[in-house]
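One structure is given below, encoded as structure tokens.
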Number of protein chains: 2
Amino acid sequence: MAKAARATRRPGRPRREPAQPDPDRRAQLCSAALDLFARDGFARVSIKQIAAGAGVDPALIYYYFAGKEDLFAAAVGHAVENGYAMFARLAGDGDDPVMTIAAWLDAQEGPGSTIPKMARLGLDYRRSGAAIPAVDDALRRFYDEERRMLLRAVRTGLARGLFRDVAPGPFARFVSTYLDGVLVRTVILDEDGPAAVDRFRVEVWRRLGLQKPPRRRKFIAD
Amino acid sequence: MAKAARATRRPGRPRREPAQPDPDRRAQLCSAALDLFARDGFARVSIKQIAAGAGVDPALIYYYFAGKEDLFAAAVGHAVENGYAMFARLAGDGDDPVMTIAAWLDAQEGPGSTIPKMARLGLDYRRSGAAIPAVDDALRRFYDEERRMLLRAVRTGLARGLFRDVAPGPFARFVSTYLDGVLVRTVILDEDGPAAVDRFRVEVWRRLGLQKPPRRRKFIAD
DNA sequence: GTCTATATGCAGATAGAC
DNA sequence: GTCTATCTGCATATAGAC
């Protein structure tokens, strides 16, 4: 730590992170790291594994990142970007609140989806005891954005008279929380995640005063 | 298991696990390990930490257990024993289904409670990719027993005409799943767990057709 | 930018004294 | 039973060649 004043950014000597070597490679490493971190947890994943997953040498990781923690933070940031793009796609999908909510429910499952990945990353990170401001921010922003998208869909549906009267805030919280519970049961008890989401979809539709939920969409949100 | 004819258990030479040195110490080690595994996860906890937590030398762990995994399995088994005792206490508590369910809800929060501990252990274990039959069985038995206790309480309440008509199976699953979701939100978003449980209690009481939920009990189930 | 070679440290595990 | 001393291996991380 160069005490502060000016010393933090010497022009001539490029520092580890600020230099922009190969953005594609960086993204590739983030993506490989993200998959492994989300699946096995920070402590169980080695730099070697991540490098192997990306098809490069372990030492290269240290060219792009200051260390394992820095890579983790970057991977979480990468996931948040994915999430933002997904939420935008869901919300903009014809601006139909019913379809938005249906597509969001469909995005809850499958190991490739960003939503369960973020939940796993977040659980693991919180339990690590580590405090990385960039990760704290990223997690908060992700869940804030998800909530905003949901609230907007519910309010739009209410305004158009599509939904029975529900309180958007509590409703959004209820639905999000339940789906996190589904994730837990799926992991711990090896239950059928998609089936659990399907059952819940019926409950959600009932609460919104809608008819039978639409057939499961083929559309992969993520 | 002494399945294999005789070879597994030579009488003269005491093997690592079958010997029964000091049951109290063994339980103490399980308990210390349980707390740490549940809090930080298997991979982040070192034998050294566990020994320090129990106030003994790390080498002693290997006198009582065959290794870290064996200790983990024993700790999970220990937690299941705690859980059984707790469920029995909840169910036998005056045989009042309303109080049983209320006490069970109260037991959902607090890091000392076995229920969230089991959830954390289970999540961590499943993600580790390890396959330890003893742990698989223990997890299944814990959740089976919890479910049995819940179902019994609901059915008793229905039989006595205390509850509005609900389907016991789906209801039990719904409540358990939601509470797992509360755990996740509590950990990831640092939400107020007890407050979330209190809110949910209102919803549960409404579904059961009961009046205002009772005040939070002082009784610590665990 | 990417790799080879290597330093360093710590965690799991064992042998053996007491 | 419990501890001291120690071995082993792997993971993070760096130095430097290409």
Side-chain angles (χ1 to χ4, degrees), chain A residues 1 13-33 36-37 39-75 124-125 127-130 132 135, chain B residues 12-34 36-37 39-76 124-125 127-130 132 135:
Chain A
M1 284 300 168
R13 202 157 35 119
R15 287 182 70 253
R16 172 64 41 79
E17 251 246 62
Q20 288 100 310
D22 183 342
D24 288 347
R25 171 116 308 174
R26 194 183 151 89
Q28 178 201 8
L29 292 173
C30 281
S31 180
L36 287 166
F37 282 141
R39 202 190 63 186
D40 298 339
F42 183 84
R44 283 190 222 260
V45 177
S46 70
I47 295 288
K48 211 174 201 164
Q49 279 177 286
I50 296 167
V56 300
D57 190 272
L60 192 61
I61 305 254
Y62 294 93
Y63 177 75
Y64 284 92
F65 305 95
K68 197 182 173 187
E69 278 211 348
D70 185 41
L71 172 57
F72 180 77
D124 184 50
Y125 168 70
R127 294 182 60 186
S128 78
I132 310 172
V135 175
Chain B
R13 204 157 36 118
R15 286 185 69 254
R16 174 62 45 78
E17 251 245 68
Q20 288 98 311
D22 183 341
D24 288 348
R25 170 112 317 168
R26 195 184 151 88
Q28 178 201 9
L29 293 173
C30 280
S31 179
L34 179 62
L36 287 166
F37 283 141
R39 201 190 63 186
D40 298 339
F42 182 85
R44 283 189 223 259
V45 177
S46 70
I47 295 288
K48 211 174 202 165
Q49 279 178 285
I50 296 167
V56 300
D57 190 273
L60 192 61
I61 305 250
Y62 293 93
Y63 176 75
Y64 285 92
F65 305 96
K68 197 182 175 186
E69 278 209 349
D70 184 42
L71 172 57
F72 180 78
V76 173
D124 184 49
Y125 168 70
R127 294 181 61 186
S128 78
I132 309 172
V135 175

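Convention: sequence-line order gives letters A, B, ...; per-chain numbering from 1.
- Spacing between atom CD1 of I61(B) and atom P of dA15(C) amounts to 18 Å, rounded to whole angstrom units.
- Atom-to-atom distance recorded for I61(B):CD1 and R26(B):CZ is 11.5 Å, nearest 0.5 angstrom.
- The residues D124(B) and R44(A) are annotated as salt-bridged, a charged nitrogen and a carboxylate oxygen being separated by less than 4.0 angstrom.
- Under the 30°/60° scheme for interplanar angles, the aromatic rings of F72(B) and F42(B) are found to stand perpendicular.
- Phosphate contact (OP1/OP2 of dT14(C), side-chain N/O of Y62(B), threshold under 4.0 Å): absent.
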Using atom names, set out every protein N or O paired with an N or O of nucleotides 3-6 of chain D below 3.5 Å, distance rounded to 0.1 Å.
{"residue": "dC3(D)", "atom": "OP2", "partner": "D57(B)", "partner atom": "N", "Å": "2.9"}
{"residue": "dT4(D)", "atom": "OP2", "partner": "D57(B)", "partner atom": "OD2", "Å": "3.3"}

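- For the pair D24(B) CG and dG1(D) C1', the computed distance is 13 Å after rounding to whole Å.
- Note: I47(B) CD1 to L60(B) CG = 11.5 Å, rounded to the nearest 0.5 Å.
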(Q) Is there a side chain to side chain contact (heavy atoms under 4.5 Å, CB included) between L29(A) and F65(A)? Walk through the geometry before answering. (A) CA-CA 10 Å; L29(A) 292 173; F65(A) 305 95; 3.9 Å; yes

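- Distance K68(A) NZ to dT12(D) P: 5 Å, rounded to the nearest Å.
- With rounding to whole Å, F65(A) atom CZ is found 15 Å from dT2(C) atom C1'.
- The stretch residues 39-52 of chain B does not touch DNA chain D, since none of its heavy atoms comes less than 4.0 Å from the strand.
- You'll find the side chain of L71(A) stays beyond 4.5 Å of the side chain of Y64(A), heavy atoms only.
- Y125(A) places a side-chain N or O within 3.5 Å of a backbone atom of I132(A) that can act as its donor or acceptor partner.
- A donor-acceptor pair is defined here as one N or O able to donate and one able to accept, closer than 3.5 Å; no such pair exists between the side chain of S31(A) and the backbone of Q28(A).
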